[in-house]
Number of protein chains: 2
Amino acid sequence: MADNDRVPTNSRTDSSKTRNSKAAHGKPAGPAPARRRELLATAAEVFAAQGYNATTVRRIADEAGLLAGSLYYHFDSKESMLDEILSTFLDELWAGYDAVLAAGLGPSETLQALVTESFREIDRHRPAVAIYQKESRHLAAQPRFAYLAASQRRFEKLWLGTLERGVAEGAFRADLDARLTYRFVRDTVWVAASWYRPGGRHHPEEIARQYLSMVLDGIAVRT
Amino acid sequence: MADNDRVPTNSRTDSSKTRNSKAAHGKPAGPAPARRRELLATAAEVFAAQGYNATTVRRIADEAGLLAGSLYYHFDSKESMLDEILSTFLDELWAGYDAVLAAGLGPSETLQALVTESFREIDRHRPAVAIYQKESRHLAAQPRFAYLAASQRRFEKLWLGTLERGVAEGAFRADLDARLTYRFVRDTVWVAASWYRPGGRHHPEEIARQYLSMVLDGIAVRT
DNA sequence: CTCCTTCCCTAACAAGTGTTTGGTAGGTTA
DNA sequence: TAACCTACCAAACACTTGTTAGGGAAGGAG
């Protein structure tokens with residue numbers, strides 16, 4: 001993703017005796033060891049539940065069954081865990097969106113495909129999405145997380161553009177403020193991560209279907 | 001509010017020489033001095049911007065133009081500031097909702113009145129709403145903030161009940177999952193606090209009107 | 001066997017945290 | 001004038017935080 005080709009600000013000396021730092025050119029080192037991903041998964045779970053700042057590295061270590069210091073064999077810092085969780089999520093998200101765009105659909109179909117894809121991403125990355133929701137606003141101010149702001153701008157361009165194209169082509173109502181509509185649609189989709197539980201009654205596609213039915217046709221009975 | 005008649009867990013000795021603690025029976029002491037409300041307002045602003053845990057009392061003091069220790073002349077603890085911010089907001093919110101209910105309207109009109117009232121509350125208590133959004137989930141686990149969970153239950157009963165009554169009376173579509181609809185409606189209303197800025201282009205009533213138009217009639221052009 | 005790598009532990013450190021204590025300038029009251 | 005209250009400051013305290021340094025057990029490779 002063009003938005004994510006930043007290099008992590010690695011302030012510590014890269015001893016190259018541990019594998020806790022990313023490779024020099026962006027992505028995590030090599031085949032991303034299985035243990036590393038396990039630890040990231042539990043860290044994401046705790047971050048999502050307690051909030052990033054309220055989570056101590058000792059809590060993460062407890063949950064993972066090791067001691068706090070041992071985490072630093074795998075990762076540079078607590079912040080780099082957060083970084084890796086968020087950036088891998090965003091990479092996958094944009095891969096999915098780009099696939100939708102490549103299909104070259106009309107506005108209404110594009111909107112539906114984007115919404116469906118979004119709920120699928122929530123299903124796959126629920127903790128990451130929850131963290132993104134809670135922390136992205138004040139994280140985006142930090143240089144290290146500048147890619148969050150970049151992603152958000154690209155996000156707005158994509159969704160708002162789709163809505164406006166739909167209005168121009170007569171698929172969507174013209175009497176609604178497009179920016180307001182964009183915010184409502186965006187928020188409602190992503191806030192679902194706060195209550196969605198994988199393996200529950202509704203699978204992502206069913207939630208997307210109901211959501212789209214509501215947004216497109218409204219909840220009022222047509223008279 | 002029946003939900004809020006808790007007594008703050010005041011672990012410290014109540015010297016009664018300072019006025020930093022609440023009166024024995026629930027609400028803040030007496031006429032709630034002006035200075036106290038000023039400080040609470042700036043605290044709420046910082047909490048909303050940075051997150052509660054990421055905010056230090058020294059930062060609040062800086063913003064208010066005094067030293068960290070001086071805050072403890074007015075308040076028991078950092079946590080009690082948060083408590084007072086959230087509980088006063090919820091009290092006012094429910095006062096507004098109760099006024100709507102007292103009008104005895106039909107389901108659709110009740111929904112519209114509730115949404116409008118909600119956006120008015122966001123206009124008045126934007127920082128408190130933002131804090132509530134970010135922190136309420138993991139705060140509700142603490143005994144001191146049990147009233148958050150109670151309020152949430154009452155909230156669900158009110159909104160879900162209104163939706164179901166509307167379905168029963170033929171005002172709302174029957175083919176939508178009521179609980180899913182409730183979550184979408186609820187989230188979209190309250191997340192607005194994260195981007196809403198008082199004094200902007202749209203006043204609360206205008207936002208409520210557009211939002212209701214979208215939720216009730218949908219964004220698609222009727223064919 | 002020895003060497004090396006992987007993964008973790010023990011033990012500590014320095015910075016930052018919420019909070020307390022004692023004091024004090026300035027205004028109000030007696 | 002003297003006593004008192006309000007609202008703050010200055011300085012510290014106890015504790016938690018993220019992080020580091022050094023060492024060691026297990027296991028495969030030579």
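Side chains included, hydrogens not; waters and symmetry mates left out as well; all remaining heavy atoms used. Reminder, nothing fancy here: chain letters follow the sequence lines and each chain counts from 1.
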Closest-nucleotide 5' rank along DNA chain C - winner of A:Arg58 and A:Ala68: A:Ala68
N or O in side chain of B:Arg35 less than 4.0 angstrom from D:dC8 OP1/OP2: yes
Sugar-phosphate only, base, or nothing, as touched by A:Thr56 at under 4.0 Å among non-hydrogen atoms: sugar-phosphate
Euclidean distance, atom CG of residue A:Leu39 to atom C1' of C:dC7 [Å, nearest integer]: 11 Å
Value in whole Å for how far the P atom of D:dA10 lies from OH of B:Tyr73: 18 Å
A:His74 side chain near C:dC8 phosphate (N/O to OP1/OP2, under 4.0 Å): yes
Distance test, side-chain N/O of A:Ser70 to OP1/OP2 of C:dC7, below 4.0 Å: no
Sugar-phosphate, base or nothing in reach of A:Leu67, heavy atoms under 4.0 Å: base
N or O in side chain of B:Tyr72 less than 4.0 angstrom from C:dT20 OP1/OP2: no
Between C:dC8 (C1') and A:Leu66 (CG): distance, integer Å: 8 Å
Charged tip of A:Arg154 within 45° of A:Trp94 ring normal and under 6.0 Å: yes
Spacing between A:Lys78 atom NZ and D:dT20 atom P, to the nearest angstrom: 14 Å
Whole-Å gap separating P (D:dT19) and CD1 (A:Ile60): 10 Å
